[in-house]
2 protein chains.
Amino acid sequence: MRPTVHDIAAAAGVSLATVDRVLNQRAGVRVVTREKVEQAIERIGYVRDVAAANLAKSRVYPLVFILPSGDNSFMRGLETQVRAAIGRSSAERTAISIVTVPAFNAEALVVALDEARAGSPAGVAVVAIDSPDVIAAVDRLRADHIPVVTLVSDLAGSKRDHFAGVDNIAAGRTAASLMGRFLGGRSGPVAVLAGSMLVRDHRERLDGFRTVMAEHFSGHALLPVIEGQDDPALVERLVGQALAASPEIAGIYSLGAGNRGLIAALKRRKSTAPVCVIAHELTQHTRAALNDGLIDVVLNQDAGHEVRSAIRVLKAKADGVAVIGAQERIRLDIFLKDNLPFEQDSNQMPAEGRQD
Amino acid sequence: MRPTVHDIAAAAGVSLATVDRVLNQRAGVRVVTREKVEQAIERIGYVRDVAAANLAKSRVYPLVFILPSGDNSFMRGLETQVRAAIGRSSAERTAISIVTVPAFNAEALVVALDEARAGSPAGVAVVAIDSPDVIAAVDRLRADHIPVVTLVSDLAGSKRDHFAGVDNIAAGRTAASLMGRFLGGRSGPVAVLAGSMLVRDHRERLDGFRTVMAEHFSGHALLPVIEGQDDPALVERLVGQALAASPEIAGIYSLGAGNRGLIAALKRRKSTAPVCVIAHELTQHTRAALNDGLIDVVLNQDAGHEVRSAIRVLKAKADGVAVIGAQERIRLDIFLKDNLPFEQDSNQMPAEGRQD
DNA sequence: GAAATTTTGATGTACGTAAATCAGAAAATG
DNA sequence: CATTTTCTGATTTACGTACATCAAAATTTC
């Protein structure tokens with residue numbers, strides 16, 4: 001049987017009330033007594049029964065998730081996952097609210113962050129936009145002792161507690177490595193499709209991609225980055241133009257925004273020369289394109305894992321408990337046609353009511 | 001506030017004791033009363049607070065993990081992860097014991113399964129060997145209502161409750177797909193290194209690999225499978241011979257046993273012609289070889305995830321609770337040099353005390 | 001309709017922790 | 001030394017569920 005608070009009291013020769021004061025850092029305990037209790041805790045190897053403690057506290061964690069609006073499939077999948085987490089909230093003792101703000105709009109994000117702060121929640125998860133104002137808004141939350149986790153896209157320079165997302169530099173490097181090797185002997189330039197360079201995740205992917213391409217596959221020139229603003233029609237037109245202008249294009253790397261337009265452009269392409277296409281985020285569109293052979297590789301981050309990880313980390317931070325880095329690392333999924341999971345795509349499909 | 005047993009009692013117009021009898025399917029409730037209570041439960045949307053229930057029951061789940069002995073790095077990593085789970089056992093209310101049996105030995109495994117059964121645990125997780133005797137032994141456990149989860153290698157035809165491992169056919173297909181594309185224009189045969197064809201996971205990987213190679217990359221002949229029995233010295237010798245006999249070898253696929261011998265043979269190779277090497281399981285050896293460029297791709301299954309998933313499933317089955325397939329799917333990790341996680345390899349590193 | 005049986009209610013204890021109250025003891029202050 | 005302040009102990013209630021006991025009510029059986 002594992003030791004309980006009663007055992008601490010007995011071991012330390014103090015009363016239960018004093019043990020409670022020490023455990024929950026309440027005032028009114030002399031330093032000597034406190035140390036006596038702490039030594040007893042150490043000695044008998046007491047660990048708080050979190051389930052019982054939560055039961056006694058009947059604690060709930062009000063959390064705010066701030067996500068970009070718009071029709072980006074990945075972001076909507078992310079929202080679906082947050083809603084799934086809301087469905088589990090009674091079991092997980094969370095009270096999650098979702099706030100959506102226009103994509104790529106730093107001012108709106110700052111407003112949302114400040115409004116979240118006004119509600120003094122137990123934690124905030126945010127898909128960050130890289131901007132000094134946003135950093136300042138995040139730091140204001142932290143100044144109020146509200147834990148902040150960045151989701152999908154990080155916010156370097158801020159005091160955020162944790163980042164729940166993949167290593168995007170590694171993702172870009174991996175894309176380049178696969179691209180270079182898939183191209184094999186073939187020659188020809190490589191195009192890159194981006195949404196906006198405002199978000200850090202896309203910038204980092206591009207950095208990683210460029211580095212490895214330059215280092216190992218310098219035979220393939222990189223065409224100027226196509227910025228499609230995640231607008232399907234615009235992307236389709238721009239990609240179509242690029243393909244027409246450089247028919248010898250050997251590969252395309254899509255950083256994650258505008259996959260629908262990209263796929264449309266690929267479908268309309270007339271040339272039959274092979275193009276190696278690597279895209280980010282597994283959605284119904286990229287999944288279908290992968291199956292059809294239009295896309296060769298999809299790099300993915302599991303939205304469900306990210307959301308669940310963010311919640312775990314926020315709760316832990318709110319309780320002042322340590323988080324285990326290895327446990328919370330979000331892995332980069334590499335999908336070929338051959339290892340696609342059978343079920344619907346993982347970003348759209350909520351994991352039904354159950355904790356991680 | 002979520003409804004409690006008291007709310008059920010009030011809603012159904014019965015006493016707490018009767019609600020308890022219905023909830024815990026105790027005898028002594030008239031059918032009409034039972035239905036009244038069940039309707040009330042349905043109506044107010046009651047869900048049992050598992051944490052409180054476990055607290056009240058002070059339930060523990062005695063689980064048995066049966067693993068192959070020997071010095072296979074992956075299996076030892078798996079054992080490390082089970083030991084890490086043992087470290088979390090007080091928090092997770094488990095009492096896990098580990099049984100090791102000689103690898104590739106069906107009789108020993110049957111004995112171990114029957115001995116586990118004699119202890120009537122709450123569940124058994126086993127790295128299966130494909131054999132009618134083993135299937136029968138697993139089915140004996142199931143006949144005693146003891147949940148069984150196969151780990152890493154499945155046992156088709158048995159009544160096991162769940163398989164905690166990757167889709168090995170997809171893994172083999174993925175390996176072939178990567179192999180074929182990495183080879184690009186190059187020609188030359190491809191060698192396959194296996195441990196023993198007794199275990200289903202290796203057979204499935206080989207099946208998947210062969211299928212895709214024949215389908216899409218028939219230009220590369222497959223050399224006869226090298227069976228190294230996971231013996232480093234033997235593997236090194238056999239692979240060395242194969243490389244010497246067929247200097248034009250373009251690729252090697254290692255199904256997961258004997259990576260150390262393979263790496264040793266690769267190091268001693270004199271020819272500088274490029275060989276594409278794809279291996280299973282990320283260990284300190286394959287990690288180093290990946291970094292050194294000796295291996296091109298490592299396919300991995302996260303042992304930690306597998307163990308934690310097996311425990312969750314066994315507990316759920318023991319409680320008669322449904323498991324969520326999507327949540328428990330073990331993903332195939334594809335590692336290139338570029339997306340290796342920073343920390344020590346994930347199979348060796350226990351995730352410190354914390355639930356999933 | 002009385003007796004035997006089954007069903008239900010009322011109540012208490014337990015799980016391990018949190019949190020509060022109040023009295024008493026120890027320490028610091030004058 | 002008396003007084004105030006600070007610390008500590010004893011005790012109780014609560015969280016939501018499980019489980020046991022005993023009495024009372026309802027039902028079935030003869």
Side-chain angles (χ1 to χ4, degrees), chain A residues 1-41 44-61 89-94 318-321 355, chain B residues 1-38 40-41 44-61 89-95 318-321 355:
Chain A
M1 280 283 100
R2 66 191 273 191
T4 74
V5 282
H6 295 85
D7 300 322
I8 304 176
V14 301
S15 78
L16 245 169
T18 303
V19 173
D20 180 70
R21 289 181 187 115
V22 173
L23 278 178
N24 297 292
Q25 33 233 4
R26 282 185 246 282
V29 183
R30 257 187 311 166
V31 182
V32 276
T33 317
R34 155 159 286 127
E35 278 167 358
K36 212 163 56 172
V37 173
E38 278 163 353
Q39 280 163 23
I41 290 174
I44 67 176
Y46 168 84
V47 271
R48 182 195 246 104
D49 183 329
V50 191
N54 282 337
L55 178 61
K57 277 196 283 216
S58 53
R59 179 163 184 15
V60 290
Y61 301 81
S89 55
S90 72
E92 296 179 351
R93 299 178 186 281
T94 52
D319 288 343
V321 175
Q355 64 272 39
Chain B
M1 276 284 98
R2 65 192 273 189
T4 74
V5 283
H6 295 84
D7 300 321
I8 304 176
V14 300
S15 77
L16 245 167
T18 303
V19 173
D20 180 72
R21 289 179 188 115
V22 173
L23 278 178
N24 297 292
Q25 33 231 6
R26 282 185 247 281
V29 183
R30 258 187 312 166
V31 182
V32 275
T33 317
R34 154 159 288 128
E35 278 167 358
K36 213 164 53 175
V37 173
E38 277 162 354
I41 290 174
I44 67 175
Y46 168 84
V47 271
R48 186 193 243 103
D49 183 329
V50 190
N54 282 336
L55 178 61
K57 277 195 285 215
S58 53
R59 184 173 188 357
V60 290
Y61 300 81
S89 55
S90 71
E92 297 179 350
R93 299 179 185 281
T94 53
D319 288 341
V321 174
Q355 66 271 36

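Convention: sequence-line order gives letters A, B, ...; per-chain numbering from 1. Atom set for the values below is all heavy atoms of this structure, side chains included, hydrogens, waters and symmetry mates excluded.
- When the P atom of C:dA20 is taken as reference, atom CG of A:Asp20 falls 9 Å away, rounded to whole Å.
- Under the side-chain contact (heavy atoms from CB on, under 4.5 Å) criterion, B:Ala12 pairs with B:Val14, B:Val37, B:Ala40, sequence neighbours left out.
- Residues passing the side-chain contact (heavy atoms from CB on, under 4.5 Å) test with A:Arg34, sequence neighbours excluded: A:Val22, A:Val29, A:Glu38.
- Scanning for side-chain contact (heavy atoms from CB on, under 4.5 Å) contacts around A:Ala9 gives A:Val19, with sequence neighbours left out.
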With the criterion being N/O to N/O and under 3.5 Å, what pairs connect the protein with nucleotides 14-16 of chain D, and how long is each?
| from | atom 1 | to | atom 2 | distance (Å) |
| --- | --- | --- | --- | --- |
| D:dC15 | O2 | A:Ala56 | N | 3.1 |
| D:dG16 | N2 | B:Ala52 | O | 3.3 |

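- Atom-to-atom distance recorded for A:Gln39:CD and A:Ile8:CD1 is 13.0 Å, nearest 0.5 angstrom.
- The stretch residues 5-16 of chain A participates, sequence neighbours left out, in no salt bridge (Lys or Arg N to Asp or Glu O under 4.0 Å) pair at all.
- Interface residues of residues 7-19 of chain B facing DNA chain D, ordered by number: none; criterion, heavy-atom separation under 4.0 Å.
- Taking atom CZ of residue B:Arg26 and atom P of nucleotide D:dA20, one finds them 7 Å apart after rounding to whole Å.
- Look at CZ on A:Arg21: it is 13 Å from C1' on C:dA18, rounded to the nearest Å.
- Residues that satisfy the salt bridge (charged side-chain N to carboxylate O under 4.0 Å, His left out) test with A:Arg21, not counting sequence neighbours, are absent from this structure.
- Under the salt bridge (charged side-chain N to carboxylate O under 4.0 Å, His left out) criterion, A:Arg2 pairs with no residue, sequence neighbours left out.
- From A:Ile41, atom CD1 reaches atom CG of A:Leu23 across 4.5 Å, with rounding to the nearest 0.5 Å.
- Under the salt bridge (charged side-chain N to carboxylate O under 4.0 Å, His left out) criterion, A:Arg30 pairs with no residue at all, not counting sequence neighbours.
- Applying the salt bridge (Lys or Arg N to Asp or Glu O under 4.0 Å) test to every pair with at least one member in residues 9-20 of chain B, sequence neighbours left out, gives these pairs: B:Asp20-B:Arg26.
- Contacts classified as side chain to side chain donor-acceptor pair (under 3.5 Å) and involving residues 50-59 of chain B (residues at least two apart or in different chains) are given here: B:Arg59-B:Asp319.
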Quick one: which protein N/O atoms are closer than 3.5 Å to N/O atoms of nucleotides 5-7 of chain C? Pair and distance per line, please.
| from | atom 1 | to | atom 2 | distance (Å) |
| --- | --- | --- | --- | --- |
| C:dT7 | O3' | B:Arg30 | NE | 3.3 |

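- As judged by a 4.0 angstrom heavy-atom cut-off over every strand, A:Asn24 is placed among residues touching the sugar-phosphate backbone only.
- To the nearest angstrom, C1' of C:dG9 lies 12 Å from NZ of B:Lys36.
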